[in-house]
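See below for the structure under consideration.
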Number of protein chains: 2
Amino acid sequence: MDAKTRDTLTGAPQMQRRVGRRRKDEASASLKDRILDAGENLFSRNGYHGVTVRAVAEAAGVDPALAHYYFRTKDGLFAAVFERRAAIVNQARMTSMDGYEAASGKRATAEGLIDAFLGPAIELWARGGPQWKAYFRLVALVNNTPQWGGATMGKYFDPVIQRLITGLRRLMPAARDADLYWSYHFLSGALTLTFAETGRLDKLSGGKARSGDYAAVRKRMARFFAAGFAAMLATA
Amino acid sequence: MDAKTRDTLTGAPQMQRRVGRRRKDEASASLKDRILDAGENLFSRNGYHGVTVRAVAEAAGVDPALAHYYFRTKDGLFAAVFERRAAIVNQARMTSMDGYEAASGKRATAEGLIDAFLGPAIELWARGGPQWKAYFRLVALVNNTPQWGGATMGKYFDPVIQRLITGLRRLMPAARDADLYWSYHFLSGALTLTFAETGRLDKLSGGKARSGDYAAVRKRMARFFAAGFAAMLATA
DNA sequence: GTCTATAACTGGATAGAC
DNA sequence: GTCTATCCAGTTATAGAC
């Protein structure tokens with residue numbers, strides 16, 4: 001995680017690399033970052049094939065050729081978008097789980113560890129601003145993409161997931177590995193559907209459950225899935 | 001559900017409407033159905049924008065103009081594909097839930113009702129052949145599509161879901177509606193990620209959990225999510 | 001680094017023959 | 001109902017000017 005991505009995370013204005021000619025005085029982000037932001041937004045809404053390089057460039061307020069200059073191909077742009085924030089989430093999740101285990105010691109629970117795993121992502125999703133919302137929408141999209149989706153997710157997120165599984169195995173020594181992985185699979189699907197923001201939960205519930213409700217998600221998920229993990233143990 | 005779709009379900013060969021000229025003696029399905037099959041396959045793998053009408057026509061072995069003749073537009077084709085099997089799944093789920101409640105009477109449980117709800121879909125997915133696999137992959141894709149995905153899912157599947165929620169409310173009178181809807185939301189995400197066949201679960205678990213394993217899904221899901229629903233009740 | 005211009009191609013859709 | 005031929009808008013990508 002370099003200084004540039006950290007700035008993007010915190011939303012702090014970023015220094016220009018050179019002194020001269022800022023093109024428009026509006027945004028202080030570099031043009032490269034503006035292209036990444038625009039790509040994040042559009043790809044996360046319409047998918048890879050539903051977005052043209054032209055559309056990304058237009059949304060970023062730059063010329064299409066510039067996108068090719070920075071990222072060579074449309075593939076390269078997409079990969080850059082997906083990669084940009086992955087390390088930040090992973091780092092935050094690791095720190096959170098390590099912190100939980102250190103703080104709780106012998107009193108650690110599966111629910112606590114799951115909450116420590118979920119916390120950073122849900123926090124960034126809910127409070128990181130619209131670009132983080134877009135990023136997690138993109139993760140949701142990739143997570144549900146047949147064929148290459150699984151490989152792409154694995155490439156960036158497997159270590160943290162294995163860290164979670166290892167922690168849970170320690171807390172639930174009787175659990176079979178297959179059950180742990182299946183349970184994580186369920187958790188993953190539920191979490192990314194939340195990130196996808198399809199509007200279905202709100203409509204279906206007549207507004208009684210609102211998918212953007214940070215507190216509601218945070219409060220319910222860890223408990224819900226800890227109970228699910230535990231129920232697996234009871235199965236013959 | 002008309003005779004044509006039922007034939008598609010059972011896989012029974014379908015009568016030609018007229019006597020004369022069968023183009024190729026290979027498949028007995030009508031060209032229209034062949035186009036739908038090909039669309040189902042391709043859309044479910046690559047999404048709406050990742051598929052061209054030409055590609056669908058080629059996969060179906062027909063001329064591109066024929067797809068336009070039957071479905072007017074690419075949108076029309078996609079909608080026809082999505083709609084085709086929805087009624088069959090809904091019907092099967094309704095029958096299954098009704099049957100469970102009638103058979104179990106006072107001894108009905110949330111886990112039993114959830115299993116009755118899940119059963120038909122998982123059954124068709126696992127044993128209905130490759131076209132049903134493709135169809136559920138498509139449902140997974142739509143379920144996770146921002147903006148219009150939620151509306152499309154709701155249009156076809158809301159009645160059955162409300163039927164499930166109503167049944168669960170009867171079995172768990174103390175449950176708050178928000179909790180029931182959130183719990184269903186989690187279930188929905190987990191189920192459709194399973195249908196998506198991204199290959200991630202298999203890879204992540206090193207083969208210890210296999211996403212295509214019908215028995216594993218069926219056995220675990222109802223128990224897992226019934227425990228989750230129950231845990232919501234215990235929350236303050 | 002950034003933009004203009006354009007090459008080379010693919011897409012959805014239709015008119016009209018059979 | 002099915003296929004041939006085609007229109008034309010929109011696509012990725014690059015060469016080269018500034």
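To find a chain, count down the sequence lines: A is the first, B the second, and so on, and within it residues start at 1.
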Subject >> salt bridge (charged side-chain N to carboxylate O under 4.0 Å, His left out) involving B/Asp202 - partner list, sequence neighbours excluded >> reply: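 Scan of B/Asp202 (salt bridge (charged side-chain N to carboxylate O under 4.0 Å, His left out), adjacent residues dropped) gives none.
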
**OP:** Under the salt bridge (charged side-chain N to carboxylate O under 4.0 Å, His left out) rule, collect the residues that match up with A/Lys208, sequence neighbours excluded.
**Re:**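 Partners of A/Lys208 under the salt bridge (charged side-chain N to carboxylate O under 4.0 Å, His left out) test: B/Asp177.
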
Output the rounded distance in Å from [atom1] ([X]) to [atom2] ([N]).
{"X": "B/Tyr70", "N": "D/dT2", "atom1": "OH", "atom2": "C1'", "value": "8 Å"}
{"X": "B/Glu58", "N": "C/dT10", "atom1": "CD", "atom2": "C1'", "value": "14 Å"}
{"X": "B/Ile35", "N": "D/dG1", "atom1": "CD1", "atom2": "P", "value": "11 Å"}

**OP:** Return each pair, listed once, that meets salt bridge (Lys or Arg N to Asp or Glu O under 4.0 Å) where at least one residue sits in residues 89-99 of chain B; pairs must be two or more places apart or across chains.
**Re:**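 Passing the test, one end in residues 89-99 of chain B: B/Asp98-B/Arg163.
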
Would you tabulate the nitrogen or oxygen pairs shorter than 3.5 Å linking the protein to nucleotides 11-18 of chain C?
residue: C/dG12; atom: OP1; partner: B/Val53; partner atom: N; Å: 3.4
residue: C/dG12; atom: OP1; partner: B/Lys74; partner atom: NZ; Å: 3.3
residue: C/dG12; atom: OP2; partner: B/Val53; partner atom: N; Å: 3.0
residue: C/dG12; atom: N7; partner: B/Arg54; partner atom: NH1; Å: 2.9
residue: C/dG12; atom: O6; partner: B/Arg54; partner atom: NH1; Å: 3.3
residue: C/dA13; atom: OP2; partner: B/His68; partner atom: NE2; Å: 3.4
residue: C/dA13; atom: OP2; partner: B/Lys74; partner atom: N; Å: 2.9

Subject >> By ring pair (Phe, Tyr, Trp, His ring centres under 6.0 Å) - contacts of B/His68 (at least two apart) >> reply: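 Result, ring pair (Phe, Tyr, Trp, His ring centres under 6.0 Å) vs B/His68: none returned.
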
Sequence neighbours excluded and cut-off under 3.5 Å, please list the side-chain donor-acceptor pairs for residues 123-130 of chain B, or say none.
residue: B/Glu123; atom: OE1; partner: B/Tyr214; partner atom: OH; Å: 2.8
residue: B/Glu123; atom: OE2; partner: B/Arg127; partner atom: NE; Å: 2.9

